[in-house]
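Convention: sequence-line order gives letters A, B, ...; per-chain numbering from 1.
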Protein chains: 2
Amino acid sequence: MSTEIERCCPPAAEGPDLRPIEGGEADEQLAALGKAIGHPVRVQILRILARKSSCICGDIVEELPLAQSTVSQHLKVLKDAALIRGDVDGPRVCYCLEARTLRRLKALVGGL
Amino acid sequence: MSTEIERCCPPAAEGPDLRPIEGGEADEQLAALGKAIGHPVRVQILRILARKSSCICGDIVEELPLAQSTVSQHLKVLKDAALIRGDVDGPRVCYCLEARTLRRLKALVGGL
DNA sequence: CGTACTCATCGTAATAATGCGATAGCATGC
DNA sequence: GCATGCTATCGCATTATTACGATGAGTACG
């Protein structure tokens with residue numbers, strides 16, 4: 001069997017986003033995404049993931065002056081908002097940006 | 001003396017934004033703006049202000065199913081984030097979008 | 001002056017977010 | 001199996017947010 005079980009951070013090529021950019025649903029989505037990026041540490045995490053073109057695991061903890069549990073909690077917030085994805089890679093977890101949601105956020109903010 | 005003391009929502013023509021789009025400062029700004037739009041009601045308020053091309057005062061309260069004091073509190077959050085501006089017009093207050101900050105938000109989100 | 005109107009602020013209660021240490025889960029290597 | 005390393009989750013304390021009613025500040029009108 002192949003040892004290349006999965007790679008995180010796929011090339012990211014998807015179709016256009018057909019979801020509406022305003023209305024009640026959109027408002028909720030924008031608010032949820034806004035809340036997710038509404039903390040400096042979480043913005044920093046997004047930047048770290050963007051910088052490392054390849055995805056990264058818990059090195060994020062090393063880059064931040066916070067306890068591991070706290071970073072894990074922020075990662076959970078970002079994951080729940082679908083701004084990042086975490087693929088298990090052996091004993092560690094490989095996080096990466098979820099490009100689709102990021103595009104969605106840009107579209108929603110752009111519609112303001 | 002003229003009775004036209006001031007109009008809120010000026011034509012909005014300003015130069016380009018020279019502030020950096022990333023770095024510690026930018027992260028803080030993005031997080032602060034994200035937190036400000038991180039509530040459905042506040043997103044709705046922004047939409048209301050965008051819809052009424054002219055600025056509006058406390059009619060916002062009428063459009064929302066919330067107490068006046070609660071709306072006022074949300075308006076304060078948006079004002080503290082500089083996403084809106086409130087000009088006093090006689091006994092009432094005229095709120096309008098702060099286009100400059102909105103552009104700043106779009107630029108910051110776009111840089112993600 | 002006094003009333004009416006609009007809006008901000010205060011006080012309060014309930015809920016959510018933040019951060020940490022401790023602990024549990026899980027895959028890997030000996 | 002057992003120890004090790006990485007991550008998630010739990011429990012807890014502190015602080016922030018949200019929502020409301022009540023009250024206060026301010027202007028306009030009679």
Side-chain angles (χ1 to χ4, degrees), chain A residues 1 3-6 8 27-28 30-46 48-49 52 55-81 83-96, chain B residues 1-6 8 27-28 30-46 48-49 52 54-81 83-96:
Chain A
M1 62 203 68
T3 53
E4 300 287 342
I5 302 169
E6 85 275 293
C8 139
D27 288 2
E28 295 281 345
L30 178 50
L33 291 173
K35 185 187 269 191
I37 64 170
H39 194 291
V41 167
R42 289 198 284 269
V43 174
Q44 249 182 297
I45 291 175
L46 293 180
I48 291 171
L49 292 177
K52 318 257 180 180
C55 50
I56 212 177
C57 54
D59 300 340
I60 301 167
V61 176
E62 305 239 327
E63 296 214 32
L64 298 173
L66 291 170
Q68 177 265 328
S69 61
T70 303
V71 173
S72 189
Q73 206 167 283
H74 283 300
L75 287 169
K76 177 173 168 49
V77 173
L78 290 171
K79 201 166 64 176
D80 287 347
L83 279 165
I84 66 174
R85 194 157 46 91
D87 290 331
V88 176
D89 174 28
R92 67 199 87 216
V93 178
C94 174
Y95 283 102
C96 57
Chain B
M1 61 201 69
S2 128
T3 51
E4 301 285 344
I5 301 168
E6 84 273 293
C8 140
D27 288 0
E28 295 281 345
L30 178 51
L33 291 173
K35 184 185 269 191
I37 64 170
H39 194 290
V41 168
R42 289 197 285 269
V43 173
Q44 250 182 293
I45 291 176
L46 293 179
I48 292 171
L49 292 178
K52 319 256 179 182
S54 169
C55 49
I56 211 178
C57 52
D59 300 339
I60 301 168
V61 176
E62 306 239 327
E63 296 215 33
L64 298 173
L66 290 169
Q68 177 265 326
S69 61
T70 304
V71 174
S72 189
Q73 208 167 283
H74 283 299
L75 287 169
K76 178 174 166 48
V77 172
L78 290 171
K79 202 167 65 177
D80 287 348
L83 279 166
I84 66 175
R85 194 155 46 92
D87 290 331
V88 177
D89 175 26
R92 66 198 87 216
V93 177
C94 174
Y95 282 102
C96 57

Problem set entry | B:Cys96: disulfide (SG to SG under 2.5 Å) partners, not counting sequence neighbours | none

Check the distance between [N]'s [atom2] and [X]'s [atom1] and give it to me in whole angstrom.
X       : N      : atom1 : atom2 : value
A:Arg85 : D:dT7  : CZ    : P     : 17 Å
B:Asp87 : D:dT27 : CG    : P     : 15 Å
A:Asp59 : D:dG5  : CG    : C1'   : 13 Å
B:Gln44 : D:dA19 : CD    : P     : 11 Å
B:His39 : C:dT15 : NE2   : P     : 15 Å
B:Asp80 : D:dT17 : CG    : C1'   : 14 Å
B:Leu64 : D:dC20 : CG    : P     : 11 Å

Seminar exercise, completed: The contact string for nucleotides 24-30 of chain C, one letter per nucleotide 5' to 3', using protein heavy atoms under 4.0 Å with B, S and - for base, sugar-phosphate only and none, comes out as ---SS--

Between [X] and [Y], is any pair of side-chain heavy atoms under 4.5 Å apart?
X       : Y       : result
A:Thr70 : A:Val61 : no
A:Val93 : A:Asp87 : no
A:Leu83 : A:Val77 : no

Seminar exercise, completed: Under a 4.0 Å heavy-atom cutoff, the residues of residues 66-79 of chain B touching DNA chain D are B:Leu66, B:Ala67, B:Ser69, B:Thr70, B:Gln73, B:His74

For this session: Please list, chain by chain and in numerical order, all residues satisfying side chain to side chain donor-acceptor pair (under 3.5 Å) with B:Lys76, sequence neighbours excluded.
Result: B:Asp80

First locate atom [atom1] of [X], then atom [atom2] of [Y], and finally report the distance between them rounded to the nearest 0.5 Å.
X       : Y       : atom1 : atom2 : value
B:Leu46 : A:Leu30 : CG    : CG    : 8.5 Å
A:Leu66 : A:Ser72 : CG    : OG    : 12.0 Å
B:Leu75 : B:Tyr95 : CG    : OH    : 4.5 Å

Exercise. Tell me, which stems hold DNA chain D, with a stem being 3 or more Watson-Crick or G-U pairs in a row and both distances under 3.5 Å?
Worked result: C:1-30 with D:1-30

Throw together a table of side-chain donor-acceptor distances under 3.5 angstrom for residues 33-43 of chain B, partners on residues two or more places apart or in other chains.
{"from": "B:His39", "atom 1": "ND1", "to": "B:Val41", "atom 2": "N", "distance (Å)": "3.2"}
{"from": "B:Arg42", "atom 1": "NE", "to": "B:Ala36", "atom 2": "O", "distance (Å)": "2.6"}
{"from": "B:Arg42", "atom 1": "NH1", "to": "B:His74", "atom 2": "ND1", "distance (Å)": "3.0"}
{"from": "B:Arg42", "atom 1": "NH2", "to": "B:Lys35", "atom 2": "O", "distance (Å)": "3.3"}

Problem set entry | Test side-chain contact (heavy atoms from CB on, under 4.5 Å) applied to A:Gln44 - qualifying residues, sequence neighbours left out | A:Leu64, B:Asp27

Exercise. So which pairs with a foot in residues 63-74 of chain B pass salt bridge (Lys or Arg N to Asp or Glu O under 4.0 Å), sequence neighbours left out?
Worked result: B:Arg51-B:Glu63, B:Lys52-B:Glu63

Exercise. Does B:Arg92 make a side-chain N or O approach to OP1 or OP2 of D:dA28 shorter than 4.0 Å?
Worked result: no

Exercise. Under 4.0 Å: is that the gap between some side-chain N or O of A:Lys35 and OP1 or OP2 of C:dA17?
Worked result: yes

